[in-house]
Amino acid sequence: QLQVVESGGGLVQPGESLRLSCTGSGFTLDGYAVGWFRQAPGKEREGVACISRSGSSINYRGSARGRFTTFRDNANHTVHLQMNALRPDDTAVYYCVAEEGYQYMCVEWSPTPAAAWGQGTQVTVSS
């Protein structure tokens with residue numbers, strides 16, 4: 001079963017930036033669309049950003065639009081989520097998800113059962 005690994009979470013103050021990274025474990029992300037989802041305590045999981053296999057299509061959801069950027073580092077087979085102007089309500093566990101298709105995960109924000117999820121990385125925004 002495919003696995004992905006997130007890194008880069010931590011504790012930051014409001015207004016600061018953080019970059020998350022996602023890589024494949026035992027495979028490369030090159031042939032997969034990659035999505036970022038998050039879940040805050042007591043809230044449902046929600047999509048944040050998503051990028052196609054080629055990187056030519058990118059979608060953002062809600063408050064991430066304008067503050068977050070996802071991009072592919074093909075040389076290192078890594079996908080990043082650059083988060084700027086972080087706010088306390090961005091506090092959540094962030095998950096990286098890899099899936100062959102784009103529509104379900106990146107447009108409908110509903111990964112299929114075949115999607116590979118990471119274990120999550122904690123992002124805490126607090127003064």
I'd like to check Cys22 versus Trp36 (side-chain heavy atoms, cut-off strictly below 4.5 Å). Are they in contact? yes
Minimum heavy-atom distance Leu86-Ser17, with the two atoms named: CD1-C, 4.0 Å
Rounded to the nearest 0.5 Å, the CG atom of Asn59 sits from the CD atom of Glu108 at a distance of 11.5 Å
If the condition is side-chain hydrogen bond (donor to acceptor under 3.5 Å, both in side chains), which residues does Ser56 pass it with, not counting sequence neighbours? Ser54
If we only count heavy atoms from C-beta on, is the Glu6 to Tyr95 side-chain gap below 4.5 Å? yes
So do Leu18 and Met83 actually touch side chain to side chain, heavy atoms under 4.5 Å? yes
Taking every heavy atom of Ala98 against every heavy atom of Val4, the minimum-distance pair comes out as CB-CG1, 3.8 Å
Indicate, with yes or no, if Met105 and Trp109 share a hydrophobic cluster defined by side-chain heavy-atom contacts under 4.5 Å among Ile, Leu, Val, Met, Phe, Trp and Tyr. yes
Side chain to side chain, Gln122 and Tyr94, heavy atoms closer than 4.5 Å: no
Expected output: side-chain Thr91 to main-chain Thr124 donor-acceptor under 3.5 Å: no
If you compare all heavy atoms of Val97 against all heavy atoms of Ala115, which two are closest, and at what distance to 0.1 Å? CG1-CB, 3.6 Å
Aromatic contact between Trp117 and Phe37, with the criterion being ring centroids under 6.0 Å apart: yes or no? yes
Would you say Tyr60 has more than 12 foreign heavy atoms packed within less than 6.0 Å of its OH? yes
Quick one: does any side-chain atom of Arg65 pair with a main-chain N or O of Ala49 as donor and acceptor, under 3.5 Å? no
Is there a path from Tyr104 to Val79 through hydrophobic residues (I, L, V, M, F, W, Y) whose side chains come within less than 4.5 Å of each other? no
Which heavy-atom pair separates Ser127 from Pro14 by the least distance, and what is that distance? N-CD, 3.7 Å
Does Gln39 reach the main-chain N or O of Lys43 with its side chain, forming a donor-acceptor pair under 3.5 Å? yes
Going only through I, L, V, M, F, W and Y residues with side-chain contacts under 4.5 Å, is there a path from Leu20 to Val93? no
Given Val5 and Gln119, is the side chain to side chain contact (heavy atoms under 4.5 Å, CB included) satisfied, shown in steps? CA-CA 7 Å; Val5 180; Gln119 293 297 309; over 6 Å; no
Closest heavy-atom pair, Ser21 versus His80, reported as atoms and distance to 0.1 Å, is OG-ND1, 2.9 Å
Taking Thr70 for the side chain and Ile51 for the main chain, is one N or O donor matched with an acceptor at less than 3.5 Å? no
Gap separating the OG atom of Ser110 from the CZ atom of Arg45, nearest 0.5 angstrom: 8.5 Å
How would you list all residue pairs meeting salt bridge (charged side-chain N to carboxylate O under 4.0 Å, His left out) that involve residues 87-102, not counting sequence neighbours? Arg38-Asp90, Arg67-Asp90, Arg87-Asp89
Measuring only between side-chain heavy atoms, which start at C-beta, is Leu81 closer than 4.5 Å to Arg19? no
Does the side chain of Cys50 come within less than 4.5 Å of Val34's, by heavy atoms? no
Taking Thr78's backbone N and O only, do any of them form a donor-acceptor pair with Asp73's side chain (distance below 3.5 Å, no angle check)? no
